[in-house]
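Chain letters run A, B, ... following the sequence lines, proteins first and then strands; every chain starts at 1.
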4 protein chains.
Amino acid sequence: MTSSVGIVGASGYGGAELLRLLAGHHEVQVEVVAAHSQAGKPVSSLFPNLPGARCFDAIDVDQLGELDLVFLATPHGPSLELAATLHAGGTKVVDLSGAYRLTAEGFANWYGEVHPHPELAPAVYGMPEFFRKDVAGATLVANPGCYVTTALLGLRPLSPLLVPGTVIIDGKSGTSGAGRAAKDHLHHPHLTANLGAYGAPAHRHTGEIEQWLTNDLDGPGVVDLGAVQFTPHLVPMSRGMQTTSYANLREGVSPQDVQQALVETYADEPFVHVLAPGTFPLTKSVVGSNGCQLSALVDPRTNRVVITSVIDNLGKGAAGQALQNANLMLGLDETLGLSAIGVFP
Amino acid sequence: MTSSVGIVGASGYGGAELLRLLAGHHEVQVEVVAAHSQAGKPVSSLFPNLPGARCFDAIDVDQLGELDLVFLATPHGPSLELAATLHAGGTKVVDLSGAYRLTAEGFANWYGEVHPHPELAPAVYGMPEFFRKDVAGATLVANPGCYVTTALLGLRPLSPLLVPGTVIIDGKSGTSGAGRAAKDHLHHPHLTANLGAYGAPAHRHTGEIEQWLTNDLDGPGVVDLGAVQFTPHLVPMSRGMQTTSYANLREGVSPQDVQQALVETYADEPFVHVLAPGTFPLTKSVVGSNGCQLSALVDPRTNRVVITSVIDNLGKGAAGQALQNANLMLGLDETLGLSAIGVFP
Amino acid sequence: MTSSVGIVGASGYGGAELLRLLAGHHEVQVEVVAAHSQAGKPVSSLFPNLPGARCFDAIDVDQLGELDLVFLATPHGPSLELAATLHAGGTKVVDLSGAYRLTAEGFANWYGEVHPHPELAPAVYGMPEFFRKDVAGATLVANPGCYVTTALLGLRPLSPLLVPGTVIIDGKSGTSGAGRAAKDHLHHPHLTANLGAYGAPAHRHTGEIEQWLTNDLDGPGVVDLGAVQFTPHLVPMSRGMQTTSYANLREGVSPQDVQQALVETYADEPFVHVLAPGTFPLTKSVVGSNGCQLSALVDPRTNRVVITSVIDNLGKGAAGQALQNANLMLGLDETLGLSAIGVFP
Amino acid sequence: MTSSVGIVGASGYGGAELLRLLAGHHEVQVEVVAAHSQAGKPVSSLFPNLPGARCFDAIDVDQLGELDLVFLATPHGPSLELAATLHAGGTKVVDLSGAYRLTAEGFANWYGEVHPHPELAPAVYGMPEFFRKDVAGATLVANPGCYVTTALLGLRPLSPLLVPGTVIIDGKSGTSGAGRAAKDHLHHPHLTANLGAYGAPAHRHTGEIEQWLTNDLDGPGVVDLGAVQFTPHLVPMSRGMQTTSYANLREGVSPQDVQQALVETYADEPFVHVLAPGTFPLTKSVVGSNGCQLSALVDPRTNRVVITSVIDNLGKGAAGQALQNANLMLGLDETLGLSAIGVFP
């Protein structure tokens with residue numbers, strides 16, 4: 001029996017990527033493809049890779065409430081209410097926005113707004129590699145930010161080995177991470193063959209990284225790693241994201257300890273590949289897929305670890321991970337619809 | 001029961017794309033991944049999107065002869081003998097090179113070599129849209145050239161409507177079409193943000209287009225369309241190919257006749273989408289997929305038809321079409337392993 | 001003594017490129033940098049390559065009328081009146097728009113508007129290679145379109161050798177040719193690694209090509225070459241333009257005739273380089289410069305000539321050629337401010 | 001009276017960029033354009049932006065010895081001897097390689113070779129912003145590495161304000177920085193729309209940064225800043241380089257102190273522009289020019305400074321800076337031949 005799902009915000013890149021992925025998923029039926037501003041227009045008018053006659057639907061909360069699961073690919077504003085309403089009605093929700101990723105206090109700090117549903121914040125955090133059981137039992141899952149996913153897949157398994165206050169994350173993103181709306185700084189002539197930083201030092205993903213870097217590792221030895229330095233950059237490509245993460249290692253931590261922590265964490269994971277130290281992952285290896293590749297090296301001169309980690313910002317960084325979460329929530333094989341391999345070269 | 005297949009020339013882009021596609025194909029088992037010069041090296045050392053321990057195999061003709069089907073992703077030189085040997089032994093072969101696409105006479109003209117197996121040339125031409133039944137019954141299929149596929153999907157249904165001697169094809173290709181070998185003119189600093197023509201006026205695909213543009217439409221009214229003008233260009237992107245084809249229309253041919261010929265030809269085709277006149281296809285709509293999108297417009301000022309047609313040169317232009325042919329030859333659903341949708345944006 | 005000049009429409013790419021070029025021109029002083037919608041904002045806020053405190057000026061026709069020369073980098077709408085007013089007052093004008101390139105009749109046909117100043121249309125056409133003396137004596141010069149410049153530099157010297165009705169021009173442009181305004185189809189994620197046609201078959205540059213392809217070659221043997229087929233494409237790079245032009249040669253025209261016509265035409269030209277037949281120019285060879293490179297080949301199978309020609313669409317295709325015209329109009333060395341060589345690689 | 005100069009290694013990107021720049025320099029005559037492996041071939045065969053009949057010369061040390069100044073754009077191996085020989089004969093030398101940038105001890109550490117001329121190492125370090133007088137009086141100048149230039153322009157003025165052992169530099173380079181030789185990892189299909197790290201943690205520029213970050217600031221309060229963490233990345237564009245540098249600020253250092261140190265250092269510099277904090281420079285702002293743009297921000301949460309700095313790796317990062325040094329050494333205006341503004345967009 002197939003499950004019925006809907007996508008709200010399907011006119012954005014995250015929503016459209018879900019539509020692309022779900023076209024190859026045989027256990028799920030996409031009943032609703034809603035987009036507030038585009039209702040009635042053909043999907044193909046915005047996404048020419050999806051030819052056909054299907055048009056965007058209007059957002060009808062009652063209709064959504066009858067589905068098994070709804071993906072919210074909306075900005076955090078609309079998601080705040082939609083998620084709460086659907087959740088209250090018993091519909092499962094994967095929210096791709098930042099609405100439910102932080103504590104209510106963290107949300108106030110980083111988004112500058114009072115959270116209207118503090119009792120639901122944070123929702124279960126949708127990184128299956130760390131919270132698989134919680135996701136499988138959840139009705140509301142907060143799908144992580146793209147930079148956060150990239151960075152945490154590399155840093156979190158190592159967090160007990162790191163010196164607090166020394167984590168620096170240099171992020172590089174393809175431009176689709178900035179969304180579908182045409183803007184001056186995303187105009188093709190402006191951005192092609194160009195690179196620059198933006199949004200530092202207070203990009204919202206900083207707070208999300210800080211919250212989820214160590215929080216459930218609550219054995220006796222766990223130390224808060226403190227403030228994280230994060231600087232994102234736009235790179236002239238559409239898809240692909242890398243974080244280069246730096247941190248000082250605690251005394252006595254060896255390169256073998258670092259590699260072992262990564263290899264053990266991901267030994268059975270279908271989407272995360274740990275490369276040998278000294279091999280650097282390439283973003284294009286995972287474009288179009290739900291994969292992550294990462295590697296860590298230890299610099300003996302500085303006793304720092306340098307972790308490079310790559311994903312497709314619309315795949316594991318958004319729609320791919322959302323589908324992985326949805327599969328778990330619906331009791332399906334976690335990898336359904338996600339078997340595509342990175343489109344290289 | 002799965003079929004056993006092998007890929008020869010798996011260290012090239014066409015071969016590696018086959019490997020990428022076949023990883024998601026459940027009715028076929030890839031037994032051999034052979035590459036003459038790379039035997040023993042990990043596949044991932046060349047194709048980081050394919051992590052894992054698998055290494056390239058040596059080419060062992062006896063071993064290949066025990067498989068159900070072999071993809072030859074080799075240059076035409078090695079293919080000439082390999083295809084003949086395997087075919088003689090009863091192994092099915094899809095040859096991605098130009099070895100068996102032309103008549104022996106055409107091969108001599110365009111490749112400057114005497115064909116060693118003229119009795120096999122041309123093999124069944126692997127465009128299922130035009131030769132589906134022949135492909136399904138064949139043991140040796142010549143997989144078409146990428147430019148040829150792009151151009152013919154647009155031109156062939158219209159060939160009875162065109163004036164001989166007026167066909168001009170302006171081709172634009174992503175750089176992966178030039179193969180995996182590093183060369184000066186394909187060096188990234190040289191080619192990025194750059195565009196230029198090459199290979200005109202005697203690119204080998206010219207002869208292939210001429211041969212297959214009309215040859216089996218042998219009703220009484222068929223006219224040889226004569227010499228074709230073809231100019232290929234390299235475009236600064238890895239994948240994606242467009243041909244812009246121009247031809248004079250015969251007297252009395254209407255825009256409706258043109259559109260109808262296209263729509264009827266492709267009404268039931270799973271991979272070819274005809275767009276409305278005035279809508280121009282984008283290469284990125286089909287990157288990573290086996291799809292083709294095309295449209296035709298008639299210019300009333302000149303009575304010419306202008307056809308724009310896009311594919312992924314490694315997809316429908318090489319490995320995707322090869323797999324489509326193999327599915328037919330093995331009696332499988334033609335679309336297996338080919339359900340991926342173009343990776344846009 | 002320096003000449004005083006102004007730029008109107010300096011917030012567009014053509015205007016800003018003029019500002020960039022004029023910064024290195026020692027005989028001209030830029031007194032006005034006007035931009036209707038951006039007046040008061042720092043130039044560097046739109047063009048970070050031009051740091052400094054200078055702000056855009058408002059458009060003040062009286063002020064402009066006191067200058068020696070005004071560049072109009074405005075759309076054809078505003079240019080229609082501004083050019084006429086300034087010209088009436090004796091100020092020299094180089095108009096980069098299409099307002100004065102066509103006859104009044106042609107303007108009505110291709111722009112769908114009645115020309116308000118038919119007595120001024122067409123103005124002197126600003127291709128110094130063909131109209132140097134006229135430009136030097138003009139007060140109003142219509143700066144040619146980018147595609148038109150690219151195509152005519154290759155085709156015009158050959159026009160007596162061509163068969164009427166057979167000219168086909170396949171244009172490829174970097175995206176800066178589409179202007180500075182952010183739009184969906186020019187959004188970086190949409191367009192990077194992508195290619196498509198647009199605007200055919202009735203792009204306005206078609207009429208401009210037809211008008212100027214043969215019109216002053218009025219010896220007894222000159223034949224109107226008739227309707228031209230033109231299909232423009234967007235290529236994923238910011239700057240750079242190529243036209244690939246096809247035409248049938250008249251009987252008896254030899255490859256030597258073709259090459260000689262080009263070489264003789266451009267023997268003394270500072271900005272146009274004719275390459276050997278079989279060598280194809282690359283767009284990046286001329287990016288950032290006022291240069292053009294072109295070559296022609298004759299296909300003996302079809303008796304067609306194929307001409308590939310490249311420029312920087314903002315250089316020789318807009319601001320560079322405008323400055324070349326202005327130098328002539330001001331009695332200066334034609335090459336002042338234009339010595340930069342293409343930024344390759 | 002013009003000075004006579006020669007370029008050795010003119011077939012590489014640094015050498016060819018010198019040739020491009022010197023074409024617009026009226027006080028210098030390029031007498032020799034030498035390239036070991038390409039002698040006798042036309043320059044235009046490698047660099048199509050430089051059309052014309054000039055061919056590469058063979059390397060003739062006696063001939064070079066008669067010139068006023070020689071640019072060595074050779075790898076460090078050939079430069080070691082050529083520079084010493086020419087210097088001994090009294091010819092001025094700007095060496096673009098790493099041969100003379102480090103102390104002999106540093107050279108042994110980072111290049112793994114015994115320096116054959118330790119008495120000349122290090123030569124005067126060619127950053128005019130910091131060593132202008134030394135350069136003007138030198139006969140042998142070591143032109144800095146591209147990453148080193150980018151990083152030091154941002155970090156060096158701040159070095160007294162930083163905590164030792166905390167400097168981390170994340171470098172992003174266009175691919176022309178990797179040189180003209182075609183290689184697998186620089187093949188266009190491989191690298192376009194792709195990003196990855198390389199060469200960490202022991203890239204040779206690390207040692208060069210460490211050596212020149214503080215060494216001549218030898219007032220009583222100067223502290224060695226210790227080991228630097230440096231991770232370079234390749235970005236899919238040809239030209240353009242950014243470093244994102246991180247360091248902890250000493251207690252009591254304010255954001256105003258940081259900005260003031262930068263503004264004062266570069267107040268009179270023709271090529272370095274300090275942007276307001278919070279404005280991030282774009283690489284394309286300086287492509288094709290000798291410019292540098294940089295900005296610094298202080299993160300109050302972490303008390304770190306984050307400095308982003310951009311250059312053209314072939315401009316200020318190689319040939320542009322070499323010409324700036326040569327102008328000083330020849331007693332010319334430092335900016336001759338370097339007036340070009342960044343080619344944006």
Peer 1: May I ask you to test the D:Met237-A:Asn194 pair for a side-chain heavy-atom distance under 4.5 Å?
Peer 2: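 A side-chain contact is absent here, since even the closest heavy-atom pair is not under 4.5 Å.
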
Peer 1: Please give me the minimum heavy-atom distance between D:Tyr246 and A:Asp170, naming the atom from each residue.
Peer 2: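 Minimum heavy-atom separation between D:Tyr246 and A:Asp170: OH-OD2, 2.7 Å.
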
Peer 1: Please evaluate residues D:Thr192 and A:Lys284 with respect to the criterion side-chain contact (heavy atoms from CB on, under 4.5 Å), reporting the C-alpha separation (whole Å), side-chain torsions for both, the decisive distance (0.1 Å), and the verdict.
Peer 2: CA-CA 9 Å; D:Thr192 189; A:Lys284 198 154 57 172; 3.9 Å; yes

Peer 1: Taking the ring centre of each residue, are A:His233 and D:Phe280 less than 6.0 Å apart?
Peer 2: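 Ring centres of D:Phe280 and A:His233 not closer than 6.0 Å.
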
Peer 1: For a 4.5 angstrom cut-off between non-hydrogen side-chain atoms, does D:Arg304 reach A:Ile168?
Peer 2: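 Yes - at least one pair of side-chain heavy atoms lies under 4.5 Å apart.
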
Peer 1: Please report the C-alpha distance between D:Leu282 and A:His185 in whole Å, then the side-chain angles of each, then the deciding distance to 0.1 Å, and finally whether the side-chain contact (heavy atoms from CB on, under 4.5 Å) criterion is met.
Peer 2: CA-CA 11 Å; D:Leu282 292 166; A:His185 75 287; over 6 Å; no

Peer 1: Given a strict heavy-atom distance threshold of 4.5 Å, which part of A:Thr308 is in contact with chain D: side chain, backbone, both, or neither?
Peer 2: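 When you check distances to chain D, only side chain atoms of A:Thr308 fall under 4.5 Å.
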
Peer 1: Return yes when atom CD of D:Glu105 has more than 12 non-hydrogen atoms of other residues, nucleotides or ligands closer than 6.0 Å, and no otherwise.
Peer 2: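 At most 12 heavy atoms, drawn from other residues, nucleotides or ligands, come within 6.0 Å of this atom.
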
Peer 1: At a 4.5 Å cut-off on heavy atoms, which part of A:Thr206 comes close to chain D: side chain, backbone, both, or neither?
Peer 2: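 The side chain, not the backbone.
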
Peer 1: Is there a side-chain contact between D:Glu210 and A:Arg301 in this structure, where contact means two heavy atoms from C-beta onward sitting under 4.5 Å apart?
Peer 2: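 SC-SC contact between D:Glu210 and A:Arg301 confirmed.
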
Peer 1: Under 4.5 Å from any heavy atom of chain D, what part of A:Leu297 do you find: side chain, backbone, both or neither?
Peer 2: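 For A:Leu297, the contact with chain D is made by the side chain alone.
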
Peer 1: Which atoms of D:Val228 come close to chain A, meaning under 4.5 Å heavy atom to heavy atom: side chain ones, backbone ones, both, or neither?
Peer 2: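 The backbone, not the side chain.
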
Peer 1: If you compare all heavy atoms of D:Pro189 against all heavy atoms of A:Pro345, which two are closest, and at what distance to 0.1 Å?
Peer 2: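 Closest pair (atom of D:Pro189, atom of A:Pro345, distance): O-CB, 3.3 Å.
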
Peer 1: Against chain D, work out which of A:Gly226, A:Gly196, A:Ala193, A:Gly165 has the most heavy-atom pairs shorter than 4.5 Å and name it.
Peer 2: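 It is A:Ala193.
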
Peer 1: In terms of heavy-atom pairs under 4.5 Å with chain A, which of D:His190, D:His187, D:Arg239, D:Met241 leads?
Peer 2: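 Ranked by contacts with chain A, first place is D:His190.
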
Peer 1: Tell me the closest heavy-atom pair linking A:Val306 and D:Gln229, and the distance in Å.
Peer 2: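 Smallest interatomic distance, heavy atoms only, reads CG2-NE2, 3.7 Å.
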
Peer 1: Could you tell me which portion of D:Pro236 (side chain, backbone, both or neither) has an atom closer than 4.5 angstrom to a non-hydrogen atom of chain A?
Peer 2: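 Interface part for D:Pro236: both.
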
